[in-house]
Structure formats: C-alpha cells, structure tokens
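Below you'll find the structure, written out as structure tokens, and then a few comments.
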Amino acid sequence: MSTTTKAAPIVHTPDFMNGDEFRIPVFKLLKQDGSPYKNAKLPDLDKDKALRIYRAMLFTRVLDERMLAAQRQGRLSFYMQCIGEEASVIGSTAALDDEDMIMAQYREQGALAYRGFDVDEFMNQLFGNEHDYGKGRQMPVHYGSSKLHYMTISSPLATQIPQATGYAYGQKMAGQGHCTITIFGEGAASEGDFHAALNMASVHRVPVIFLCRNNGYAISTPAHEQFSADGIAPRAFGYRMKVIRVDGNDILAVYQATVEARKLAVEHNQPVLIEAMTYRLAAHSSSDDPSGYRSKKEEEAWRDKDPVLRMKLWLQEKGWWSDDDEKREQESLRRDVLEAMKRAEKREPPELDTLVSDVFDEVTPILAGQLDDLKAHIRKYPEAYPKGAKSLNGKDAGGAKHA
Amino acid sequence: MSTTTKAAPIVHTPDFMNGDEFRIPVFKLLKQDGSPYKNAKLPDLDKDKALRIYRAMLFTRVLDERMLAAQRQGRLSFYMQCIGEEASVIGSTAALDDEDMIMAQYREQGALAYRGFDVDEFMNQLFGNEHDYGKGRQMPVHYGSSKLHYMTISSPLATQIPQATGYAYGQKMAGQGHCTITIFGEGAASEGDFHAALNMASVHRVPVIFLCRNNGYAISTPAHEQFSADGIAPRAFGYRMKVIRVDGNDILAVYQATVEARKLAVEHNQPVLIEAMTYRLAAHSSSDDPSGYRSKKEEEAWRDKDPVLRMKLWLQEKGWWSDDDEKREQESLRRDVLEAMKRAEKREPPELDTLVSDVFDEVTPILAGQLDDLKAHIRKYPEAYPKGAKSLNGKDAGGAKHA
Amino acid sequence: MPKMNMLQAINDALDIAMAANDKVICFGEDVGIFGGVFRATSHLQEKYGRDRCFNTPLVEQGIVGFANGLAAQGSTPVAEIQFADYIFPAFDQIVNETAKFRYRSGDLFNVGGLTIRAPYGGGISGGLYHSQSPEAYFAHTPGLKVVVPRNPHQAKGLLLGAIRDANPVLFFEPKRLYRASTGEVPEEDYELPLGQAEVTKEGDDITLLAWGAQMEIVEKASELAEKEGISCEIIDLRTIVPWDVETVVESVLKTGRLVVTHEAPLTGGFAGEIAATIQQRCFLYLESPIARVTGLDTPFPLTLEKEYMPDHLKVFEAIKYSINY
Amino acid sequence: MPKMNMLQAINDALDIAMAANDKVICFGEDVGIFGGVFRATSHLQEKYGRDRCFNTPLVEQGIVGFANGLAAQGSTPVAEIQFADYIFPAFDQIVNETAKFRYRSGDLFNVGGLTIRAPYGGGISGGLYHSQSPEAYFAHTPGLKVVVPRNPHQAKGLLLGAIRDANPVLFFEPKRLYRASTGEVPEEDYELPLGQAEVTKEGDDITLLAWGAQMEIVEKASELAEKEGISCEIIDLRTIVPWDVETVVESVLKTGRLVVTHEAPLTGGFAGEIAATIQQRCFLYLESPIARVTGLDTPFPLTLEKEYMPDHLKVFEAIKYSINY
Ligand SMILES: Cc1ncc(C[n+]2csc(CCOP(=O)(O)OP(=O)(O)O)c2C)c(N)n1
Ligand SMILES: Cc1ncc(C[n+]2csc(CCOP(=O)(O)OP(=O)(O)O)c2C)c(N)n1
Ligand SMILES: [Mg+2]
Ligand SMILES: [Mg+2]
C-alpha cells in the first residue's frame, strides 16, 4: 500500500501549486441568439421532448411571476423564484430517467414542473392546505413528490447532498439502473456536508450526480466572498471525481453534460460533479432586496443571457415553436395558475391531528395526550384558534386537562 | 461580478476532467543514506539548530519506547507513538518562529519536545497528577503549553483546523508577524471542519499553515478507503490555496517547505497546505493491534525509510554527530525519562476542587453546591474514594446533603 | 431616552462594543455590507472596516470553529448564526470545543471572549426550520452560558454583558420581537448581569417563569388571571445557564405554585430542569404540581402554528388549574 | 443458551439482522475488516461482503447523511459512530434531518429504517471525550427513538427491535459493560419491545429508575438498602424516547418515592424530565422529593473519575435521604 495512488514525480525545489496551472473550460452549445456554435454537435432531442422542456420553463416563469405577485399582495407568506436558472434545473432533469431521484435545494421548481407536478399540487404546498402532501408543515416552496421521485425540500442547506450519496448507494445495491441527482447552490457547497458527500461518493463509487448552480450569490454574499478558487469545479480534483463546467443558461449544453454524467454514474458507478454557471436574476427570496448588494448593471448583463429566450430562439429556428404558440401558452398558463391559486386558498387547513402525526409511524401515548389536551383547550376557546376549531366541528367535547 | 474569477476557455464537447491531467510532485532533499539528491539545495541549518532538531527526535523516540512499555506494564492507561513521523512534526516546527502557535492532533509530541517541554511536564500530563497543567482531566498525550504556544490537544478530530484559521486571523489583526500551524492526519482531513478551515483561510487571507501528516492509515482504515484522490494535496485547488507535497521522512525537505510556507503566510497572508508523505510505524495507539489490517512487509518497507536514521546519517556526514554521541544521548534520555516517570507516578492526584473549577471562570453556585455535596459524601466513605479523600484531609467535615 | 426596537438595541450594543474595544470582531453569513438578514449588524462594516465585520462562507461549523480559535487567541469574536435552527452544524464545535476549552486545558487556554448570537423562536410563520428554540440543548452542556433577552432594553444590556463576560455565551434573540418589541433604551454603555433572574412583577398566589418572547405571553396571561383575582408573580429567567435557582426558589416558597413556559417541545425542555429542581427545593411548600406550558413534542408546524404555540390562553388555563388543584 | 458478553450479543444481533434481510447495511469508521474498534462488527464484512459492511471515511456528518439517504431509499442502514462523544459533528443530520424527515414530508418519505449505534458512558478512564452520555440531547428532539440496553440479553433483543422498528433509532451501548457484562443469550432471532420499561425487581418503599450501565449501580445500591430494611422497586427505562410514563407512574403511586440516576450532568439531563413529569402525575402521592443522582455539571474528568461518577454509594445515600425525609 502506498499513501498516494500514483507514483509521484520527485522534485528538489520547493515549488508550490495552487490550481492556476490548469484551466477548467466552460462547455457551451448554443449562442444567445439560439444558433449553435460552430463545431458544436447538438444532442438528439426530438420535438416532443424539446417542447416538454420548454413548456416546463415557461410554466416555471409564469408560476414565479404570479406567486411573487401573490406574495406582494399578502396572499402568500413567502416565495422563491427560479428565474435565470431554468435551463440548469430543467435541462439536467430532462437528461435523466424520470424515475431517477432528484434531491434539490429550494430553487428547482422547474425540475418538478418538468416531471409533471401539476399546478394544483404546487398551490396546495404553497398555501399549506389540507391537500398539501406536506400537511402544511413547511414554508412555501418546500415541495416533494414520491411518485415523481422528487425528495421533499428541507431548509437546512446542503444536508441533502450526503443523503443523495446514500440514496444512490441504495440504488446501486438495488441494481435497477437508477441514479440520484442532487442540486444545490454555490453557497451551500461551502458546508461540510458537501465535502462529505463528494468524498464518500468517490470512495464508494456511487451513481450520483452533484449539480451545483453557481448563480453568483448566497443571499447577499457574492461568490468571491464564498471562495477564492475558480468556482466549485476544482473541488472535484480533491476526490478524483469527474467534473464538467457548463454554461447554465444553455439548455442544450446542460442537457448534454447531464446525459454524459448519467452514463458515467449508472454505467460506471462514477459520481460526477457538474458546475452550471448561471445567475440568480431575482432577489434571493420575497424577503430580500438585492439593491443593497449588487448593481442593476450586473443584473442587466445577465438578463441578456436569458436561458428561456435562448431556448425559444432555438425552437423557433427549428420551426417547432412560434410567437403565437408562445402567446397562447403564456395566457393559458397564467389562467391555470390563477385559478389553481383561488382553489388552493379556499381549501381547508390540515386536520388538527396532523399536528402530532408523522412524528413517528404511530402516535405515541405522550403525543396522543398532548393532542387531547390541545383539543380540549381549543374547544374552550374556539375563536382563538379558528383553523384548529374547524377540524373539531361535530366532534365530541372533552374536559380540560393540563400538562 | 462574474461567478468565476477567471475568464474561462470555452469548449463545445462535453469533456470531463478528474485531476489526472496534472501531477503533484514530492519535494525531497535527502536520500535515505543521508546524502543530498543531486541538484538539491539544502537549507541553511547551523549545527546548533540541527542538533536541537535531532535531540528532539531522539527524545521523542525514547519517550515513545519507554511509555509504551510503561503502558504494557499497566503503569499508564494509554499511549500514542509518533514513531516514523518525527521528521514531519519536528522539521516543520523547527522552521517556525518559537512563538508561532501550534495546533496539533495528538501524535505530535516531537513538536512539543522541540519547543522545550521538559520531561517532567510530559510525565505530569501522562499521569494526570496534581502538576499536570490539564489538572488530570484528559487522557494521556493531551499535552498543552501556553508558554510554548502549543494548544492543548483535544480528542475530537479536525476541530482544531478551523480554530487554527481563527487563531491566525487574530494574529494577523495583532500584526506582530506570527502565524499558526495546524497538524493533522489524512483521516481527520475527511471531516467537514477541514474544508471549512481551508476555505475560510483562503477567502480571508489568513496566515495559517495546514500540515497534513499523510501516514497511510486512520486506525485500521487505509488511505485508499479514506479518499480516492492522489492524496490530500489536490484539495488545495478547490480553494486556490498554495500547496506542496513533501517527503515527510526527509527532515530537511519538511523544514525547507515549511520555511517557504511561513514566508507565504506571514509576508503575503497566503495560507498554505503541506502534505507530508509518511507512515505510522507503530500501532494507532496502545489499544490497537495493526496485524489485523496491514502486513509486516509493508511496515518493514517503511522502516527502511526511518526519518531519524536519515537525519543521523546526514549529521554524521556533516561531522556533527558520532555513534558515541548517539549512545551517550540515548542513555541519558532513557534515564531522564525513567526517573521523571517515577517522580510523576508518586505525585498526588489533582485537588478535589479541580472537579468543578475551570468550567467557567468562576465556580457557579450550582457547582459549588455540587462540590459541597460531594465532599460531604466522600467524608462519609473515604475508603471508596482514595484520591478524593486525600485532598479532604485536615479539612472540616460537613453534613451530608443530597441533590 | 431614545426609543428603539430590539434590532436597533442589538445593533447599538454591537456598535458600542466595537467602538470600546478593537478586539471585538463581528462575522457570520451576510453580516457584512448587507448588515445581516435581519439587519442586526447594519453599518458595522462601514464603521469598523471589513477586517472587523465581515461575511463568512456559508459554513456554520467553520464560523464557530474560526470563532473558537479567534477567542483562544485573545480576540472577542461575536459570531452570528443566521437562524438558531442552523446552529446544529456547529454543534460539535460548540459542545465539544467551546464548552470544554477552559476545563480541558486546566485554564491554559480559554474562549471566554466568544459570543454567539442567533435569532430563535416561532410566531413568524417559519415552519420547522425558522422557528426552533434550542436553548435546552446548550443548557445540558457544562461550560456555556445561555442568555435570552425579553425586550430592547434588556437586549442591549445583556448583550454587552455577554460580550464582556469571561465565558463563552450563547445569546438567543427572540426574532418575533425584533421589530415588534420597542421601548426606551439608554443611550450609554451599560451592562446587565448574567446569571440573575428578574422579578418583573410581584404577586402572591402563583409564580410564572419564562424568558425571551414568552415573557409577553405570561404577562398577558397574568392580566387575565388578575381579573379573576389571582395575584401572579412574574420572573424573567434571563440567563438559562447558569440559572438563578435562588430567585425562583424564594418566589415559589412564597407563592407555593409555579408555571414555567417555553416554546421548545415539552420533553427534555428546560422547564423540566426547573420543575425537577424546584420540586426538590420547595417540596413541602408546593400546593400544586409545577405546570409546564410548552410546544408540543413535535417539530414546529406552519399552518397550525397558532394551535401549536404555548400562548397566553394556555398559560392562563394552567394558572387556573394550578390554583384550583 | 450460550453465554455471551455484550459485544458478542450485539455482533450476533447484527449478524442475524443481516442474514434475515439483505437490505441491512452496516458501516462506519473501521467497521470493515477490522470489525470496529470494539469489534462489534467482527466478521460481518467477511460474511456479507464489502458492499454490505464497510469502512467509511472519517466524517460523522457524512456517515449519518449517507445513512439518512440510504434509509430514505428503502434500505436498512445500521451506522456506527465510533464513540458517542463523536456524534456531535452529525448532530445537524440527526436533529434537523433524521428526526424531521417523515413529519416534514407528510410521510411521503421517511428514514424509519435507520439505526445509529454508538458506545457511550464513563468508567473506562476515557476523560472528556470517551465518556459522554448524550441521550438527553436526542431525547429533546421529537422524531427520534433512543434506546439503551443494560445487559447482553437486552442488547440483542433491543437492537433487533431497533433495526426493525419503523422509526429511526439511536442505540447507545454502555461500553463499560461491553466485556464486563456477560449472561445467557438466546441463540434465536428475538426482539424486545421499544417504548416499554421493565420492572426488574419489585419493592414497596422506593422506586429506583435507571438505564444502561447505571442499572448495575442501582442494583448494588438496592442491595445496600435492603440490608437496612428498605424495599426497592427497580425499573429499567430501556427506551428513553418514547418513554414509558405509565410504568413509572404506577410504581411511584405505590412506593411514593423515586430516585433517578444517570451519568450525564444533572442540569438538563433526562432525570429532570422524569422528575418533572412524575411530580405532576403523582403529586399527591409523593412522600419526598424526587432525587436525581447524576454526573456533576462539568465535562467528564479523568483522574477523579471515581469521585465524579454517580455510583452505588451515592444512590444509596439518596435512597436513605428520601426514606428519612
Ligand atoms: C445550514 C443553513 N445555514 C443557513 C441558511 C440560511 N440560508 C438560506 S438560503 C441561503 C443562501 C444559499 O445560497 P446558495 O446555496 O448559493 O443558493 P441560492 O440561493 O443562490 O440558490 C442561506 C444562507 C440555511 N437555510 N441553512
Ligand atoms: C470526530 C472524531 N471521530 C472519531 C474519532 C476516533 N479516532 C481517533 S483517532 C482516529 C483516526 C485518525 O486518523 P488520522 O487523522 O489519519 O491520524 P493518525 O492517527 O493516522 O495520526 C479516529 C477515527 C475521533 N477522535 N474524533
Ligand atoms: Mg447561489
Ligand atoms: Mg493517518
């Protein structure tokens, strides 16, 4: 056993390296006008799939627009937009098998839309009503879908990254040819969990794809205060992991890179890191105002690289999409979103019992007692707890007990 | 603002890198026979300093030998040897200013010996007696010395690495030209704390040297089950940090590399990673038996690269050391260690009051009450608590109280 | 005296601490030019420079690890954790390192200069991960002080006290009150003592004990109770560790009844410690069981947050139950 | 029935679990060919292959993160943390992720298959970092089950119960007993129930409650007490969460007295929760204050470990104090 895996060359002068010795290029296929670069070989993407992708992009834009507006109107407590990063999340998802697992951060609604999460499913989560799969427990945008193989979002950053390694290890053991993709920001990549995940994936040869959306900011913190290196990509060398950097606003490049990454993962049990260079065009969230930490000019420069527009221009060049199609689709999406929002707002809150269910597989005696006490209390003060009182209607009244 | 710091080249084919594109060489100066490599420019090391280094190496060997024997005889509960890695820890320490801070892992007694921790100071800690600076609270080998700028060892791995970054940041603010070195194993480098430390050091331009002793094993886990990459060094590229790999059994190479690293740190606020390639010749600790996880043959191959012998041969070539000197030094060191051990064993245990001091700067009322109760209890059953009873002798007896 | 909200009071305390001692250094995620997501560090970078107030990379274990080292070196770091829910990646650095630094080294080294600030608590539609009250985790860890202020005046004085205390302090700020709680705050530099509870209202029939945002709740409950002729004594614990046992004991010896409330779940919450200690110290004087009014033993919910919270009505019911026992 | 020590019983349970279900996967630092630093996973790699029993890199947050994902996928991971003292780097993954996985997703996803094993406790000259008893940290976290066995027979049955339980379980093993505790252990596959305390000895005058290695201590103390004519009822809590309140209440209603003991520090320890609950449930029946015999509110010491430990003499004194109250 040697303590490094290669027979290293020997030198007699103390020279230091720092990574400037090599360059990590950016993989691009489409120019902003929708035409391919010279020499670029575009992926095989048939019309149906291309339109499925593009429709998911449009839906995501419309959803973001409408829901931010709803938040501004006070109809929604909180919202986070994907705008600017649609190609990164949708292009990568489209390259996977629909049964591959996705473990995302929070800004990846496009991936879920592509998989077929419908507008009511989005709305029920955003409004935390009785039909929310998450039973109204998490803040808006914390979607999840087991049938679509989309892990429920968790707010603590980067925790899903080593989980993705573990999930994919299980897929490898199951032997059905599936992999996991985990998507996260360049800020989250600073967490210890990121490093644990990459190292373990590499050592244990796990079919997992790590997709970093390097969008320039973590809330107000610019990437150059997050790390000194040339992006996230060179971290892969620390684990001898395959890595590629891609133009995150170039849907075809992201797609193609992910197709190749998936092959490495599934066919060779080689984990892969993809760094998608992109930009968070919106504020971090509905609670944020970026004017305090970055310039309009910078934002404008990136607005000119709009990934949705780039794909539209490509589709138009192919003759698969027209301005008319665009208009019709936009209008219908807006209508769908608004109607679904109205439906979701009107739905009941989750049942009171959901306060104590799912802590364990069964409600423990202590929790059952706490629920009973709570019910008795709410019966005493129904006006103070309108949501809880609703779910007690028509049920028998119990005496007050106190813990 | 761009999201990477260099204007990256553009490519149109999805090629993956993994670090095999470049090689990280090993810096060496001395061959095993003590002669320099051709073309090697040896550092300026005067005789006094060379002998100070060598004596620290010999002391460390003798200490390790004797204390492991003492552990086997049941005189000591636990011990960890440095054998095989003396050049890495002593060579680096010798390259620093004596007032630079050292934050080590546990296998770096050589560094402390070089700084001048005396044999009684070692023994008092090992036996946890009343003179132990740590007041008998930590296991053997958890040394510390504020006057020698050697941070008290803490068992949880890698926690000292981000602390070193913070400590060095404070040194930079203080502006007195000091830096911090943190020394750790290749196993510890898997912890999230390692990554946090390097990234923060790089972003905040902190005068800290990260010295990884890559000794091939973390207890039973070989390096190739710890990571897939070519050692620890390539991780530096993830932070655009200066890095050098050095033959950890070559005292002059380690020394020279650290001299250069210190310049980068102190004069340019450039943190540096040094990977010292070495081998843990002994068992992990006195509780371990390596025969279950590695071969004698492998051990022998490394025994042939003995760093202490290599330095001795160099010193002899220089005419600074003779076999006679060696014999005399060895004998006197053995005597010193044995006598100090006897003294340390005979010393009293720490005072009972040390059970509750240093939790806070002052003993809180709750702790004072707990100590009173304990004293009353021990007065009742002095035979059951011989150490505690000692420190109560001659003090007034209180009534029993129970919490 | 100027009127301030709690954020302003905290910002003022940091400003005063940094002006008075150039070893005070503030850092954390987004605390630099942005002034923190709640703006508690507004203008500090402008005033004291990027070396003394800066953004860190997004890594809590690194933030606290760095802070531990900086404190050991002799500086006075004030680290911000963006939400108390995100303090757990730093748990090892806090519980195994910060807390044990002085003890394990026999006081050769200590991190007494360290303060860790974090907004905690519910009532802001934050769901599982923007609502937690983790004080009990740290209260079980010898070597840490834990402080929670109830209003702007307390926040300023206790934070200055915490920064200057010779021990590491976790300072949990009730974020629900950041803007909601306003009051007069002295302009000058002042410290409030750590380790001392405050009797904010005297009364005879029952003792109500809380800290932080729950103080508002017990005050409201006590108003309801007073209307029914129940005289409440209210205590703000202020420091969770080391807690002021004697002030609580003295009060309960007088009233014979105790209600403790916190937002954190019941099981293993700090009210349990208080109840265990007080039943032991006041056994013969207790006229009814010590009551705990707390969050449920579940993660923190969103839509049904109101139902979950230990509000004034729940405290009021506990008071009546205790009185009528 | 074969005689085994606790390590053998644990190894046997893992072997049976892996043989019965090929979704059971064991991993952690040094658990592979070496069989773990205590040898709890001996021969498992040999028998079940490197895919199902393997060394991980040295990163606890990664071990538990990986385990969470593997459990979510539907496997049954059994992760080892080498010492309970080193579980804290994984605290965020356990407390924010493992514990909340099912709740936050509305049961779309869960990590019910997960078991985390870790040796805990003192008495082995381990000092600060090889002696801690962290059960109370986890007991304050809704969504986790916490189990501690007292002997080889219990260890095997409870570990099999834990691995097969539909919830994530932390399984803390009293390492002081690994080799010291031996006894007859059935060869076959059997499970002991989680969430149920066990009355190991009936008695009338006082209830003694403990778990894990402290069970030996209370047994010794009870022998001393019996000699003085005090009849002790002994309960092994076995599962810390969800704890079996009714069994304890029933006993205390009968005896009127309770001593709880654990090695962890007093403040915020789980004895506080028990005392708080029992004083409330048994208020009118208690004849003396509930006593807690615990570690001091300090980090764990080395040379004076014997003085620090809540041993049988301290429990015995607490019994007498309670009886004579
Ligand atoms: C562990 C943790 N720390 C802090 C936060 C608060 N927080 C939420 S989002 C965010 C920035 C994330 O930036 P990045 O990963 O780059 O993703 P982006 O928002 O740019 O998509 C922070 C600090 C958190 N959610 N979790
Ligand atoms: C956080 C943490 N996890 C686990 C351990 C147990 N442990 C002690 S030493 C060790 C191996 C360390 O290996 P390495 O860092 O390579 O140092 P070496 O012993 O080779 O010098 C382990 C796993 C620990 N002390 N701390
Ligand atoms: Mg970002
Ligand atoms: Mg090693």
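Each chain gets a letter, A, B and so on, in the order the sequences are listed, and its residues count up from 1. The figures here come from the full heavy-atom set of this structure, side chains too, leaving out hydrogens, waters and symmetry mates.
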Let me see the donor-acceptor pairs closer than 3.5 Å between chain D and chain C, or none if nothing turns up.
{"unit_1": "D:Gln61", "atom_1": "OE1", "unit_2": "C:Gln61", "atom_2": "NE2", "d": "3.2"}
{"unit_1": "D:Gln61", "atom_1": "NE2", "unit_2": "C:Gln61", "atom_2": "OE1", "d": "3.2"}
{"unit_1": "D:Asp85", "atom_1": "O", "unit_2": "C:Asn96", "atom_2": "ND2", "d": "2.9"}
{"unit_1": "D:Asn96", "atom_1": "O", "unit_2": "C:Tyr129", "atom_2": "OH", "d": "2.4"}
{"unit_1": "D:Asn96", "atom_1": "OD1", "unit_2": "C:Gln132", "atom_2": "NE2", "d": "3.1"}
{"unit_1": "D:Asn96", "atom_1": "ND2", "unit_2": "C:Asp85", "atom_2": "O", "d": "2.9"}
{"unit_1": "D:Arg104", "atom_1": "NH1", "unit_2": "C:Tyr129", "atom_2": "OH", "d": "2.8"}
{"unit_1": "D:Tyr129", "atom_1": "OH", "unit_2": "C:Asn96", "atom_2": "O", "d": "2.4"}
{"unit_1": "D:Tyr129", "atom_1": "OH", "unit_2": "C:Arg104", "atom_2": "NH1", "d": "2.8"}
{"unit_1": "D:Gln132", "atom_1": "NE2", "unit_2": "C:Asn96", "atom_2": "OD1", "d": "3.1"}
{"unit_1": "D:Tyr137", "atom_1": "OH", "unit_2": "C:Thr141", "atom_2": "OG1", "d": "2.6"}
{"unit_1": "D:His140", "atom_1": "ND1", "unit_2": "C:Thr267", "atom_2": "O", "d": "2.8"}
{"unit_1": "D:His140", "atom_1": "ND1", "unit_2": "C:Gly268", "atom_2": "O", "d": "3.4"}
{"unit_1": "D:His140", "atom_1": "ND1", "unit_2": "C:Gly269", "atom_2": "N", "d": "3.3"}
{"unit_1": "D:Thr141", "atom_1": "OG1", "unit_2": "C:Tyr137", "atom_2": "OH", "d": "2.6"}
{"unit_1": "D:Thr267", "atom_1": "O", "unit_2": "C:His140", "atom_2": "ND1", "d": "2.8"}
{"unit_1": "D:Gly268", "atom_1": "N", "unit_2": "C:Glu273", "atom_2": "OE1", "d": "2.8"}
{"unit_1": "D:Gly268", "atom_1": "O", "unit_2": "C:His140", "atom_2": "ND1", "d": "3.4"}
{"unit_1": "D:Gly269", "atom_1": "N", "unit_2": "C:His140", "atom_2": "ND1", "d": "3.3"}
{"unit_1": "D:Glu273", "atom_1": "OE1", "unit_2": "C:Gly268", "atom_2": "N", "d": "2.8"}
{"unit_1": "D:Glu273", "atom_1": "OE1", "unit_2": "C:Arg292", "atom_2": "NH1", "d": "2.9"}
{"unit_1": "D:Glu273", "atom_1": "OE2", "unit_2": "C:Arg292", "atom_2": "NH1", "d": "3.4"}
{"unit_1": "D:Glu273", "atom_1": "OE2", "unit_2": "C:Arg292", "atom_2": "NH2", "d": "3.0"}
{"unit_1": "D:Thr277", "atom_1": "OG1", "unit_2": "C:Arg292", "atom_2": "NH2", "d": "3.2"}
{"unit_1": "D:Gln279", "atom_1": "OE1", "unit_2": "C:Ile290", "atom_2": "N", "d": "3.0"}
{"unit_1": "D:Gln279", "atom_1": "NE2", "unit_2": "C:Ile290", "atom_2": "O", "d": "2.9"}
{"unit_1": "D:Ile290", "atom_1": "N", "unit_2": "C:Gln279", "atom_2": "OE1", "d": "3.0"}
{"unit_1": "D:Ile290", "atom_1": "O", "unit_2": "C:Gln279", "atom_2": "NE2", "d": "2.9"}
{"unit_1": "D:Arg292", "atom_1": "NH1", "unit_2": "C:Glu273", "atom_2": "OE1", "d": "2.9"}
{"unit_1": "D:Arg292", "atom_1": "NH1", "unit_2": "C:Glu273", "atom_2": "OE2", "d": "3.3"}
{"unit_1": "D:Arg292", "atom_1": "NH2", "unit_2": "C:Glu273", "atom_2": "OE2", "d": "3.0"}
{"unit_1": "D:Arg292", "atom_1": "NH2", "unit_2": "C:Thr277", "atom_2": "OG1", "d": "3.2"}

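Of the residues considered (C:Ala276, C:Ala99, C:Pro242), C:Ala276 shows the highest number of contacts with chain D, using heavy-atom pairs under 4.5 Å. Taking chain D as the reference chain and counting heavy-atom pairs below 4.5 Å, the highest number among C:Ala275, C:Pro89, C:Pro301 is found for C:Pro89.
The two residues D:Phe283 and C:Leu286 make their nearest non-hydrogen contact at CZ-O, 3.5 Å.
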